[in-house]
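Just below is one structure, and these are the notes that go with it.
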There are 2 protein chains.
Amino acid sequence: MNIGDAAKQSGLPAKTIRYYEDISLVVPARGENGYRVYGPDDVHKLRFVQRARGLGFSVEDCRALLSLYEDENRASADVKAIAQERLAEIADKIAELKAFQKTLKHLVDHCHGDQRPNCPIIDGLAGPDH
Amino acid sequence: MNIGDAAKQSGLPAKTIRYYEDISLVVPARGENGYRVYGPDDVHKLRFVQRARGLGFSVEDCRALLSLYEDENRASADVKAIAQERLAEIADKIAELKAFQKTLKHLVDHCHGDQRPNCPIIDGLAGPDH
DNA sequence: CTTGACCTTCCAGCGACTGGAACCCTTATG
DNA sequence: CATAAGGGTTCCAGTCGCTGGAAGGTCAAG
C-alpha cells in the first residue's frame, strides 16, 4: 500500500510517516517507481507509534517500545520501566502546572480587571519588592 | 552594567538575554566598545520576563505583558485577560496529562514486569484488535 | 491528451533557547 | 610591556517533532 493509505490506516499524516522513515523509525520498502510501499507490519508499527505518541511518549521512547514490540523474547519488565519513567515525568509536569495554576489563579482572583491601571498580576510578576 | 551582571541580577543566562535582544523583547543600550549596557529599567524588565516565563507564559505573552507593565495607562482588564487565557491553557494541559496518566497507570498496573514477554502495555499500544 | 490526484525530494520554519567557534576588550600580574 | 584570564562580541548549528511549500515525477480516468 502507498503512503496515503498507510496514513489513513494509521491515523498519521503522510508527512509524519515520511519523517519517521527519515529518522529510521518505520522504514518501508520501495516500489519500482520509487514509491514507498507499506505492508501490514509497517502499518501495525505506525499505529503502535501513533498510540504511544498519543500517550505522550517521546519518539525515542517509541523507538525503544517498538523494538520491544517486535522482540518475541522481550522482558515485560523493560516495557514497564519505560512506562513508569513516563508516568513519573507526567506526574512532575502535572505538579509543575498545578503550581503555576495556583500562583496565577491567586493573582487573577485579586485583579479587578477594569479600566484602571492598578494590577496585582503585573505587581506579582514585577516581583516582591516593587 | 554589562550582560554578565544583568544575568546575575535577573536570574537569566546571558545567552537568553542576548536572545531576548534578538527578538526585540528587551533591547539594551550599547557602550563605546560595543558591549551591551543594561540599566535598572532593563534589569526590571528582564526579571519581569523571567518571572512570567517561570509561570509558563509564552515569550509573546511576555511581550504583551511587558508592554502593559510599561504602560502607565493600562487597563488591568487587559492583563487579566492574558492571565486567564494562560490559566485555561494550563487547565487543558493538566486534563490532557491526567488522561495520559490514567491510561498509562492502568496499563502499568496490569503488567507483571518480569522476564516474560507477555505485556499488557505493549498490547494496549498495539491496539484493541491485537 | 490532459486533468487531477497522488507520489517524490529538498529546504525552511516553528518556540525558546543552547552550544560552540572565532574573535575583541579589559584588567591584573610577572 | 607581554601575557593570561575572564569578560564581551558575532554568527552558525542543533535541539524536538513535525509541518508547509516548491518543483517535479507517476498514474488512472475521461
Side-chain angles (χ1 to χ4, degrees), chain A residues 1-39 42-43 45-66 85-86 89-90 93 96 100, chain B residues 1-39 42-43 45-46 48-66 82 85-86 89-90 93 96 100:
Chain A
M1 110 188 24
N2 285 346
I3 197 169
D5 294 317
K8 268 167 216 149
Q9 301 255 345
S10 65
L12 290 167
K15 275 261 169 187
T16 300
I17 297 179
R18 276 188 209 104
Y19 171 70
Y20 287 165
E21 182 187 7
D22 237 46
I23 60 169
S24 309
L25 190 62
V26 178
V27 181
R30 292 287 180 142
E32 295 265 313
N33 51 13
Y35 284 19
R36 290 168 181 82
V37 179
Y38 291 87
D42 295 318
V43 174
K45 288 195 222 168
L46 289 172
R47 254 207 305 252
F48 184 93
V49 173
Q50 195 265 334
R51 286 211 177 79
R53 294 284 302 129
L55 283 175
F57 284 101
S58 73
V59 166
E60 285 317 301
D61 279 343
C62 289
R63 196 188 296 281
L65 289 169
L66 254 190
E85 236 179 86
R86 176 69 194 138
E89 281 169 30
I90 291 173
K93 192 73 196 171
E96 188 190 23
F100 292 173
Chain B
M1 108 186 29
N2 286 347
I3 197 168
D5 293 318
K8 267 167 216 150
Q9 301 255 346
S10 65
L12 290 166
K15 274 259 167 188
T16 300
I17 297 178
R18 278 189 208 105
Y19 171 70
Y20 287 164
E21 182 187 8
D22 236 47
I23 61 169
S24 309
L25 190 63
V26 178
V27 180
R30 293 285 180 142
E32 296 265 312
N33 50 12
Y35 284 19
R36 290 168 182 81
V37 180
Y38 291 87
D42 295 318
V43 174
K45 287 194 224 170
L46 289 172
F48 184 92
V49 173
Q50 195 264 335
R51 286 212 177 77
R53 293 284 302 127
L55 282 174
F57 284 101
S58 74
V59 165
E60 285 318 300
D61 279 342
C62 290
R63 197 188 296 281
L65 288 169
L66 254 190
I82 295 173
E85 237 178 86
R86 176 69 195 138
E89 282 168 30
I90 290 172
K93 192 73 195 170
E96 189 190 21
F100 292 173

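The chains referred to below are lettered A, B, ... by the order of the sequence lines, with proteins before strands, and numbering in each begins at 1.
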Exercise for the section: Mark yes or no for whether A:T16, through its side chain, and A:L12, through its backbone, hold a donor-acceptor pair below 3.5 Å. Expected result: no
Handout entry: Phosphate contact (C:dG15 OP1 or OP2) by B:R63 side-chain N/O below 4.0 Å
Key = no
Handout entry: A:K8 NZ to C:dC6 C1', straight-line distance once rounded to whole Å
Key = 10 Å
Exercise for the section: Give a yes or no on whether B:E96 atom CD has more than 12 heavy-atom contacts from other residues, nucleotides or ligands under 6.0 Å away. Expected result: yes
Fill in the blank from the handout: Here the distance between atom C1' of D:dT10 and atom CZ of B:R30, to the nearest Å, is 10 Å
Handout entry: Below 4.0 Å: OP1/OP2 of C:dG15 and any side-chain N or O of B:R53
Key = no
Practice task
Rounded to the nearest angstrom, tell me the gap between atom OH in B:Y19 and atom C1' in D:dG14.
Solution key: 14 Å
Exercise for the section: Look at the side-chain N and O atoms of B:R36 and state whether any lies under 4.0 Å from the OP1 or OP2 oxygen of D:dT9. Expected result: yes
Handout entry: Position toward the 5' end of DNA chain D (nearest nucleotide), A:E60 or B:R18
Key = B:R18
Fill in the blank from the handout: Between CG of A:D22 and C1' of C:dT8 the distance, given in whole Å, is 13 Å
Practice task
Find which nucleotide of DNA chain D each of B:K15 and B:D5 is nearest to by heavy atoms, and output the residue with the more 5' nucleotide.
Solution key: B:D5
Practice task
Indicate, yes or no, whether a donor-acceptor pair under 3.5 Å links the base of D:dG17 to the side chain of A:Y20.
Solution key: no
Handout entry: Nucleotide C:dC6, atom C1' - distance to CD1 of A:I3 in whole Å
Key = 11 Å
Practice task
Return the value, rounded to whole Å, for the distance between atom CG of A:N2 and atom P of D:dC27.
Solution key: 10 Å
Problem - Salt-bridge criterion met for B:E21 and B:R30 (N-O under 4.0 Å) - result: yes
Problem - Length of the CD-C1' vector between A:E32 and D:dG25, whole Å - result: 15 Å
Practice task
Tell me which of B:V59 and B:Y35 sits closer to the 5' end of DNA chain C, going by the nucleotide each one is nearest to.
Solution key: B:V59
Handout entry: B:E21 CD to D:dG8 P, straight-line distance once rounded to whole Å
Key = 14 Å
Problem - C:dC7 OP1/OP2 closer than 4.0 Å to side-chain N/O of A:N33 - result: no
Exercise for the section: For A:R47 and A:G11, indicate whether the former's side chain and the latter's backbone hold a donor-acceptor pair under 3.5 Å. Expected result: no
Handout entry: Side-chain donor/acceptor of A:R63 to backbone N/O of A:I23, under 3.5 Å
Key = yes
Handout entry: Under 4.0 angstrom between B:T16 side-chain N/O and C:dT18 OP1 or OP2
Key = yes
